[in-house]
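Notes for the one structure printed next.
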Amino acid sequence: MRTQVAIVGAGPAGLVLSHLLSLDGIESVILEDRSRAYVERRVRAGVLEQGTVDLLCDTGVGDRLRREGLVHHGIIISDDGHRHRIALSDLTGGRAVTIYGQQEVVKDLIQARLSAGTPIHFEVEDVRPVELDSPNPIVRYRKDGNEHELRCDFVAGCDGSHGVSRSSAPQGVFTVYERDHPFAWLGILAAVAPSTDELIYARHGRGFALYSLRSPEVSRLYIQVDPEEDIANWPDARIWDELRIRLATDGWTVNEGPVMEKSIAVHRSVVVEPMQYGRLFLAGDAAHIVPPSGAKGLNLAVADVRALAQGLVHFYRTGDNGWLERYTERCLRRVWRVQQFSTWMSMLLHKLPGADAFQERLVRAELAWIRQSEAAARSLAENYVGLPFD
């Protein structure tokens with residue numbers, strides 16, 4: 001087979017990239033090692049920045065997002081039951097975030113790509129990008145027991161941190177900067193109407209908690225646990241008890257309901273530099289991982305592929321690869337800004353192992369400054385709703 005851009009991974013990064021390229025008549029083929037059903041029901045992020053929403057809507061894949069997405073104009077920060085609202089829209093000139101699950105974004109994009117005739121090959125095996133430093137790289141893979149070879153001009157590695165794309169480059173090409181954070185989130189998806197209209201980020205002596213939501217009928221909640229915690233130690237009743245304690249405030253209760261899903265996610269920060277080698281370009285989790293406290297993972301992936309699509313469009317229109325050569329530079333400015341914000345949010349809101357009374361008072365002073373200073377609150381709000389694309 002022959003295409004212009006081979007995309008490894010049918011998550012948000014790969015699907016958005018294929019969609020943006022198609023708007024300019026650039027062909028792509030998407031390879032995914034999971035089934036379509038698995039990809040479409042995989043529960044991940046659910047907070048979309050203003051720029052992500054605008055991009056999806058402006059490019060024709062935002063109809064359901066507009067109908068079903070829940071627009072939030074503020075978030076609530078709670079410190080041992082004392083709540084303060086950050087008025088996102090008031091502080092950022094009307095910008096907001098939208099609650100719309102990643103799996104819903106993926107469903108919309110898969111439907112759009114298949115309707116447009118873009119080949120998406122699910123459940124492929126043994127994917128091997130080769131000859132990446134040549135003008136005509138190849139992606140070999142196996143499907144239904146048969147060997148296939150996909151020739152292309154470029155390879156987009158959108159297959160996550162455990163994918164094959166990053167390891168396809170020669171050893172030593174990429175430098176990985178990483179940090180393991182001393183906490184994890186136990187998250188549940190519950191079939192119960194949310195108790196709040198806006199996200200609640202709660203700092204508590206027993207650990208962090210987050211009240212989020214996915215729809216008017218489904219709640220998404222998290223509690224901080226140790227990275228080595230065994231989920232078997234957390235029956236549903238214990239989770240609800242802990243949520244009630246950490247989210248408690250006068251005159252408000254947590255709505256409880258059946259737990260449909262629960263899992264533990266360890267927090268890590270990872271940045272790969274550079275984000276390209278030869279004709280291979282990394283995007284999304286293949287290039288970076290951010291702690292979820294800042295709600296940035298999906299949004300950062302979209303920013304990556306927006307920059308990559310611009311470079312590829314420019315190349316096919318003019319033959320000039322200057323924009324592609326600057327792909328890493330353009331992306332990393334945003335990547336490190338997002339890493340700093342997400343890490344800052346994590347350190348501000350979580351119970352840190354070994355923190356002493358001095359550290360506790362520093363954190364409380366910073367929270368007090370956010371409540372008192374419009375400039376401090378605006379900085380948080382600007383980062384949370386998403387910085388404008390360059």
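Below, all heavy atoms of this structure are taken into account, side chains as well, without hydrogens, waters or symmetry copies.
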Check: R220 and Y211 side chains under 4.5 Å, non-hydrogen atoms: no

Taking NZ, NE, NH1 and NH2 as the nitrogens, is one of them in D126 or R128 under 4.0 Å from a carboxylate oxygen of the other? yes

Do H288 and D304 pass the side chain to side chain donor-acceptor pair (under 3.5 Å) test, and can you show the C-alpha distance, the side-chain angles, and the key distance before you say yes or no? CA-CA 10 Å; H288 41 67; D304 288 346; 2.5 Å; yes

If you draw a 6.0 Å radius around CZ in R42, do more than 12 non-hydrogen atoms from other residues or ligands fall strictly inside? yes

Using side-chain heavy atoms (C-beta onward) and a distance below 4.5 Å, is L280 in contact with L282? yes

CD/Q50 to OG1/T98 distance, rounded to the nearest 0.5 angstrom? 6.5 Å

Where do L20 and T59 come nearest, in terms of heavy atoms and distance? CD2-CG2, 4.0 Å

On a heavy-atom basis, the closest approach of A96 and S89 is CB-OG, 3.7 Å

Do the side chains of P137 and P129 get nearer than 4.5 Å, heavy atoms only? no

Correct closest heavy-atom pair for A169 and F174 would be CB-CE1, 3.5 Å

Between S373 and I370, is there a donor-acceptor pair closer than 3.5 Å when you use the side chain of the first and the backbone of the second? no

Has H350 got a side-chain atom pairing as donor or acceptor with S346's backbone, closer than 3.5 angstrom? yes

Can you spot which of V305, T118, I120 makes a side-chain contact (heavy atoms from CB on, under 4.5 Å) with S18? T118

E228, CD atom: more than 12 neighbouring heavy atoms under 6.0 Å: no

Could you tell me whether the side chains of D285 and S161 share a donor-acceptor contact shorter than 3.5 Å? no

Closest non-hydrogen contact found for V8 with S165 is CB-OG, 3.8 Å

Distance-minimising heavy-atom pair for V39 and V106: CG1-CG1, 3.4 Å

Test your reading of the model: is there a side-chain donor-acceptor pair from S219 to the backbone of V192, 3.5 Å cut-off? yes

Without swapping roles, check the side chain of R203 against the backbone of L348 for a donor-acceptor pair under 3.5 Å. yes

Residue pair Y316 / F154, side-chain heavy-atom distance below 4.5 Å: yes

Counting N and O atoms only, with roles assigned by atom type, does the side chain of E261 sit under 3.5 Å from a partner on the main chain of L189, one being a donor and the other an acceptor? no

Donor on one side chain, acceptor on other, W344 and E366, under 3.5 Å: yes

Would you name the heavy atoms of P388 and R334 that are closest together and state the gap between them? O-NH1, 3.3 Å

So does R34 get a backbone contact from the side chain of E32, meaning a donor-acceptor N/O pair under 3.5 Å? yes

Is there any side chain to side chain donor-acceptor pair (under 3.5 Å) pair reaching into residues 131-140, and which pairs are they, with sequence neighbours excluded? R140-E149

Is a side-chain N or O of D356 found less than 3.5 angstrom from the main chain of F358, in a donor-acceptor match? yes

Flag yes if more than 12 heavy atoms outside E360 fall under 6.0 Å of its CD atom; otherwise flag no. yes

Counting N and O atoms only, with roles assigned by atom type, does the side chain of Q4 sit under 3.5 Å from a partner on the main chain of E27, one being a donor and the other an acceptor? yes

With rounding to the nearest 0.5 angstrom, report the CD1 to CZ distance, I77 to R85. 12.0 Å

From CA spacing to verdict: side chain to side chain contact (heavy atoms under 4.5 Å, CB included), V385, E49: CA-CA 5 Å; V385 302; E49 294 177 353; 6.0 Å; no

Hydrogens and angles aside, do Q276 and T328 bring a side-chain donor and acceptor to less than 3.5 Å of each other? yes

Between Q224 and R246, is there a side-chain donor-acceptor contact under 3.5 Å, judged purely by atom types and distance? no

Heavy-atom check, side chain of L247 versus side chain of W252, under 4.5 Å: yes

CZ (R206) with more than 12 external heavy atoms under 6.0 Å: no

Assess the side chains of R179 and T343: does a donor N or O sit below 3.5 Å from an acceptor N or O? no

Measuring only between side-chain heavy atoms, which start at C-beta, is D33 closer than 4.5 Å to F122? no

D197 atom CG, neighbour heavy-atom count above 12 within 6.0 Å: no

Does the ring centre of F183 sit less than 6.0 Å away from the ring centre of F208? no

State, without any angle test, whether R238 and N233 hold a side-chain donor-acceptor pair at a distance under 3.5 Å. no

Would you find a donor on one side and an acceptor on the other, under 3.5 Å apart, between the side chain of K296 and the backbone of P291? no

Side-chain contact test, heavy atoms from C-beta onward, threshold under 4.5 Å: evaluate it for W185 versus H267 and give yes or no. yes

Within a strict 4.5 Å, meaning less than it, do heavy atoms of the V271 and E273 side chains meet? yes

